[in-house]
Amino acid sequence: MRVLLVDDEEELVSALAERLSFRGIEATWATSGQKALELASKVCFELAVLDVKMPGMGGIELKRKLVEICPGIKILFLTGHGSEDDFRRGSAESGREFYLVKPVAIEDLIKKMQEAAK
Amino acid sequence: MMTTDTQPADWKRLGLDGLAFFGRISASISHELKNFLAIFNEQAGILEDMALFAEKGGELRIERLKTLAGNMQAQVKRADVVLGHMNAFAHSVDTPEADVDAAGVAALVLALSRRLAACKGVALTISEPGVSLPVRTSPFFLQNLLFLLLWRAVEGADASRSVRVSVAPGQSAVLVRFGGMTRAAVSAPADDRETGLLAMLGAELRRDPDGALILVLPEQPVASAWC
């Protein structure tokens, strides 16, 4: 499974990628929507884990652009405490069960990734 | 050309808008703190993974441990700065009137707004005078007004995508200048929230010919303002 992690906090995405790698899941990471799109134009990912609120391009806009580049890509949103409106928009895009709130246990994240990839 | 925007303060409106401002800033801070918790969670998770690996006979990488410890300490420092801002913001409602350093208040409002502005693709910079510029005012409502003007600047940022704030002494007043805006954003009339706060604080809003908004804060409160 080719996984893309996107969050503007480098310490977070790099640590998540390291922990996923320890569990046999190779993940590539980016700290902005623009960088994520550049990566996706070279490699078509099967699953992406996106932060909702990021400087510049937010996760919801990024999801729409990723789907254009990689049709069939599955999306999980991973967010801090957003507003009710954020939750409505995010869960409408990903499905309520694929909208996760930080911090998330790595086992729960992997379980959701596997469910989303089905 | 100079224009001003004042009207009598509507206390109910000021109170409700003030609560909305307090909520918006608090929510933004909670979002930042959630990010720190998520980073701590993953870094602690790496330590756990390394311990499990070592238990199974793998090599414990000391340099990696040192790097992780350093990263965690750096995150603690970042979180402490955010909590310091949150604390100062929370205490701004302690008293309806106080002597404050206008430059310090402006710097705090920028710090509290930086992530919100970044989400709009706008960078915030401040040029401080290097000396204290005391004003006697309502600390909370001054923050509210500064935030509204800053947000007007963010939403009306010009092609530079950089809003520049400077604070300088004036004639029995302190001048807070907001630059980096389109002319349309500068010349737009003040909305009800801005005019209410301007009246309450005895302040004035000017437009300068170079395309900037200037908030003129009196050093002393206007007698009828909120007493």
Side-chain angles (χ1 to χ4, degrees), chain A residues 3 5-25 27 29 31-35 49-62 76-87 89-90 99-110 112, chain B residues 20 23-56 58-59 61 64-65 67-79 82 113-124 154 157 161-162:
Chain A
V3 176
L5 308 174
V6 190
D7 194 299
D8 60 304
E9 291 287 353
E10 182 175 336
E11 293 289 346
L12 177 59
V13 273
S14 61
L16 260 180
E18 187 173 343
R19 298 193 70 201
L20 289 172
S21 167
F22 188 71
R23 288 159 178 79
I25 299 170
W29 55 268
T31 54
S32 72
Q34 200 54 47
K35 287 177 187 165
V49 182
L50 312 179
D51 186 17
V52 174
K53 287 193 173 175
M54 291 185 285
M57 191 187 307
I60 290 174
E61 183 185 354
L62 175 59
L76 288 180
F77 285 118
L78 187 57
T79 182
H81 263 157
S83 65
E84 282 294 314
D85 187 49
D86 291 336
F87 177 75
R89 291 196 306 137
Y99 186 89
L100 310 177
V101 176
K102 298 174 188 173
V104 64
I106 193 79
E107 292 75 18
D108 292 341
L109 177 62
I110 292 173
K112 290 293 180 188
Chain B
R24 186 170 183 187
I25 294 298
S26 300
S28 174
I29 293 169
S30 79
H31 190 93
E32 281 195 78
L33 295 177
K34 272 282 191 185
N35 269 338
F36 293 127
L37 290 179
I39 293 168
F40 294 144
N41 187 54
E42 296 315 322
Q43 290 180 333
I46 291 177
L47 290 176
E48 189 180 29
D49 291 348
M50 289 175 74
L52 288 172
F53 185 63
E55 275 178 356
K56 291 176 184 171
E59 184 189 355
R61 293 174 295 153
R64 183 74 183 109
L65 281 177
T67 303
L68 274 172
N71 289 347
M72 291 173 89
Q73 286 164 343
Q75 294 302 325
V76 167
K77 281 183 187 168
R78 280 182 70 202
V82 172
S113 310
R114 195 156 271 125
R115 184 175 171 84
L116 291 168
C119 284
K120 294 267 183 185
V122 176
L124 304 179
V154 166
R161 307 305 289 163
S162 174

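The chains referred to below are lettered A, B, ... by the order of the sequence lines, with proteins before strands, and numbering in each begins at 1.
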Handout entry: Donor-acceptor pair, side chain of B/Ser30 and main chain of B/Ala27, under 3.5 angstrom
Key = yes
Exercise for the section: Heavy-atom distances under 4.5 Å only: say whether B/Arg24 touches chain A with side chain, backbone, both or neither. Expected result: neither
Practice task
Flag the pair A/Thr79 / A/Leu100 as yes when at least one side-chain heavy-atom distance between them is below 4.5 Å, and no otherwise.
Solution key: no
Completion exercise
Test side chain to side chain contact (heavy atoms under 4.5 Å, CB included), reference A/Leu5, set A/Leu12, A/Leu50, A/Val49, A/Leu76, output is A/Val49
Problem - Side chain / backbone / both / neither for B/Gln75 at chain A, heavy atoms under 4.5 Å - result: side chain
Exercise for the section: Go through the atoms of B/Arg115 and report whether side chain, backbone, both or neither lie under 4.5 Å from a heavy atom of chain A. Expected result: side chain
Practice task
Side chain from CB out, backbone as N, CA, C, O: work out which of these in B/Arg114 comes under 4.5 Å of a heavy atom of chain A, or both, or neither.
Solution key: neither
Handout entry: For chain A, the option from B/Arg78, B/Lys120, B/Glu32 that forms the most heavy-atom pairs under 4.5 Å
Key = B/Arg78
Handout entry: Min side-chain heavy-atom separation B/Ile29-B/Val82 under 4.5 Å
Key = yes
Exercise for the section: Report the option among B/Arg161, B/Glu48, B/Arg64 that has the most heavy-atom pairs separated by less than 4.5 Å from atoms of chain A. Expected result: B/Arg64
Completion exercise
In B/Leu124, B/Val154, B/Val122, the residue satisfying side chain to side chain contact (heavy atoms under 4.5 Å, CB included) with B/Ser113 is B/Leu124
Exercise for the section: Under the salt bridge (charged side-chain N to carboxylate O under 4.0 Å, His left out) rule, what do A/Lys102 and A/Asp7 come out as? Steps first, then yes or no, please. Expected result: CA-CA 12 Å; A/Lys102 298 174 188 173; A/Asp7 194 299; 2.8 Å; yes
Problem - Among the listed options A/Leu78, A/Asp51, A/Asp8, the residue most often paired with chain B at heavy-atom distances under 4.5 Å - result: A/Asp8
